[in-house]
Amino acid sequence: MKLTHLGGPTVLIETEGWRILTDPTFDPAGGRYGFGWGTGSTKTTGPAISATEVGEIDAVLLSHDQHADNLDDSAREWLGQASRIITTTTAARRLPHPLATGLRPGQATLLEAPDRPVVRILATPCRHGPPLSRPITGPVVGFALTVGSAEQTSLWVTGDTVLTGAVRDTARALRPDVLVMHLGGVRFPITGPLRYTMNADDAVELVHLAQPRVAVPVHAEGWTHFAEPLADLRRTLDHAPDDVRELVRWLRPGEPATV
């Protein structure tokens with residue numbers, strides 16, 4: 001499997017002939033975006049690979065469509081070039097794409113082609129904020145991919161979530177080969193100390209629970225709403241116990257990495 005981090009939550013997954021893109025974001029740096037309810041953020045880093053350079057994509061895994069750090073303006077225009085979109089049920093209704101498939105946590109769909117192994121995609125639970133925040137932040141899902149006849153989950157993308165009991169249970173159940181974690185400890189001034197994504201300590205616990213072969217941190221920089229400095233995240237993971245520290249793999253944006 002080959003992973004290329006384009007920036008933010010956007011990762012190109014290449015496996016067994018499939019090219020799958022997560023949460024596309026292609027806008028340049030500098031834009032200010034509102035997230036609703038008095039929250040917003042400024043994009044500080046542009047993509048390492050542009051929409052015109054990314055090439056043909058078989059499927060987009062879109063954890064949610066309501067926040068621009070997971071689907072920005074350029075990416076919305078680009079979405080029509082993707083063969084298929086897999087996302088939340090509400091996003092599938094909103095997006096003008098004929099092959100948008102909406103999933104709730106626990107539901108699955110298949111990617112199928114005559115010359116490639118089937119990829120099963122399972123939607124996993126997320127809560128994009130503190131308890132009772134879902135009506136405000138909206139639905140979000142993660143994605144667990146199983147390629148071909150593999151007995152183990154091939155890859156799990158957590159999506160934007162805090163570390164809930166359901167996410168912990170998912171980690172224990174999946175035990176993925178590759179774990180892609182959305183981090184950054186998102187906070188907003190209007191809601192003070194409340195967090196909307198996992199931080200470094202959560203990442204350590206999640207890796208310990210999931211015990212993947214490789215754990216890849218993403219979506220932890222590039223926007224002003226990330227409250228945890230990247231240096232602090234790196235320091236925490238670099239000093240984590242061996243069963244966590246030795247599994248972490250940092251990707252250089254724009255550079256393909258075999259994992």
Side-chain angles (χ1 to χ4, degrees), residues 1-24 48-49 54 57-63 70 86 103 105 108-111 116-126 140-161 163 167-184 197-198 200 202-220 233-234 237-238 240-259:
M1 181 181 295
K2 186 187 299 182
L3 301 182
T4 306
H5 185 206
L6 279 62
T10 312
V11 179
L12 174 61
I13 304 163
E14 296 177 272
T15 181
E16 301 290 346
W18 292 101
R19 303 184 84 246
I20 300 167
L21 193 69
T22 68
D23 286 354
I49 299 174
V54 74
I57 298 298
D58 296 302
V60 169
L61 306 182
L62 178 61
S63 65
N70 296 83
I86 300 167
L103 299 177
T109 189
L110 301 177
L111 295 181
R116 284 167 278 179
V118 172
V119 178
R120 181 177 185 267
I121 300 175
L122 171 71
T124 62
C126 293
V140 182
V141 292
F143 300 99
L145 281 62
T146 303
V147 181
S149 59
E151 295 183 2
Q152 182 183 17
T153 299
S154 304
L155 179 142
W156 176 31
V157 183
T158 63
D160 286 8
T161 185
L163 188 57
V167 174
R168 290 184 177 93
D169 290 344
T170 300
R172 295 186 188 98
L174 291 179
R175 294 292 178 115
D177 184 50
V178 178
L179 168 63
V180 177
M181 305 177 288
H182 288 203
L183 303 174
T197 61
M198 293 184 287
D202 297 327
V204 171
E205 182 179 351
L206 188 68
V207 174
H208 178 73
L209 291 171
Q211 285 296 293
R213 181 177 55 82
V214 178
V216 178
V218 300
H219 208 25
L233 170 61
R234 284 182 174 271
L237 293 177
D238 287 347
D242 289 350
D243 69 334
V244 172
R245 176 178 52 80
E246 294 177 353
L247 306 181
V248 175
R249 175 81 176 272
W250 294 93
L251 302 183
R252 294 179 180 271
E255 297 184 10
T258 301
V259 297

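Remember, predicted model here, so these are calculated numbers, not experimental data. Quick note: numbers below take in every heavy atom, side chains included, and nothing from hydrogens, waters or symmetry partners.
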- prompt: Does H182 have any ring-ring contact (aromatic ring centres under 6.0 Å, His included) partners at least two apart in sequence or in another chain, and if so, which?
  reply: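 Partners of H182 under the ring-ring contact (aromatic ring centres under 6.0 Å, His included) test: H219.
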Can you tell me how far the [atom1] atom of [X] sits from the [atom2] atom of [Y], to the nearest 0.5 Å?
X    : Y    : atom1 : atom2 : answer
L179 : T158 : CG    : OG1   : 7.0 Å
E14  : L3   : CD    : CG    : 9.0 Å
L206 : L163 : CG    : CG    : 6.0 Å
I49  : L12  : CD1   : CG    : 7.0 Å
D202 : L183 : CG    : CG    : 8.5 Å
E205 : M198 : CD    : CE    : 10.0 Å

[X]: which residues meet the side chain to side chain contact (heavy atoms under 4.5 Å, CB included) condition with it, sequence neighbours left out?
X    : answer
S154 : M1, V147, A150
T197 : H128, D160, V186
D58  : W18, R19, R116

- prompt: Taking C-beta and beyond as the side chain, do I20 and L111 meet within less than 4.5 Å on heavy atoms?
  reply: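 Counting from C-beta outward, I20 and L111 do come under 4.5 Å.
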query: Hey, does L237 have a side-chain heavy atom less than 4.5 Å from the side chain of V207?
result: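 They are not in contact (no side-chain heavy atoms under 4.5 Å apart), so the answer is no.
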- request: Check step by step if side-chain contact (heavy atoms from CB on, under 4.5 Å) holds for V157 and D23.
  value: CA-CA 10 Å; V157 183; D23 286 354; over 6 Å; no
For residues 171-178, which side-chain N or O atoms pair as donor and acceptor with protein atoms under 3.5 Å away, sequence neighbours left out?
| from | atom 1 | to | atom 2 | distance (Å) |
| --- | --- | --- | --- | --- |
| R172 | NH1 | D169 | OD1 | 3.0 |
| R175 | NE | L209 | O | 3.1 |
| D177 | OD1 | R213 | NE | 2.8 |
| D177 | OD2 | R213 | NE | 3.4 |
| D177 | OD2 | R213 | NH2 | 2.8 |

query: Taking only residues two or more places apart in sequence or in another chain, which ones pass side-chain hydrogen bond (donor to acceptor under 3.5 Å, both in side chains) with T10?
result: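 T25.
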query: How would you list, by chain and number, every residue that makes a side-chain hydrogen bond (donor to acceptor under 3.5 Å, both in side chains) with T124, sequence neighbours excluded?
result: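 By the side-chain hydrogen bond (donor to acceptor under 3.5 Å, both in side chains) rule, T124 matches W156.
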- prompt: What closest approach, in Å, do A240 and V204 show between heavy atoms, and which atom pair accounts for it?
  reply: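 Between these two residues, the closest heavy atoms are CB-CG2, 4.0 Å.
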Taking every non-hydrogen atom, the tightest pair across G142 and C126: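 Smallest interatomic distance, heavy atoms only, reads N-SG, 3.3 Å.
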Result block: side-chain N/O donor-acceptor pairs under 3.5 angstrom for residues 243-253, not counting sequence neighbours:
| from | atom 1 | to | atom 2 | distance (Å) |
| --- | --- | --- | --- | --- |
| D243 | OD2 | H208 | ND1 | 2.7 |
| R245 | NH2 | D242 | OD1 | 2.3 |
| R249 | NH1 | T258 | O | 3.3 |

- prompt: Given V180, which of T22, V218, V259 fulfils the side chain to side chain contact (heavy atoms under 4.5 Å, CB included) condition?
  reply: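 It is V218; the other options fail the test.
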task: Any chance you could lay out the side-chain contact (heavy atoms from CB on, under 4.5 Å) test for L145 and L61, step after step, and finish with the verdict?
output: CA-CA 10 Å; L145 281 62; L61 306 182; 3.7 Å; yes
task: Walk me through it: do L6 and L21 pass the test side-chain contact (heavy atoms from CB on, under 4.5 Å)?
output: CA-CA 10 Å; L6 279 62; L21 193 69; 4.3 Å; yes
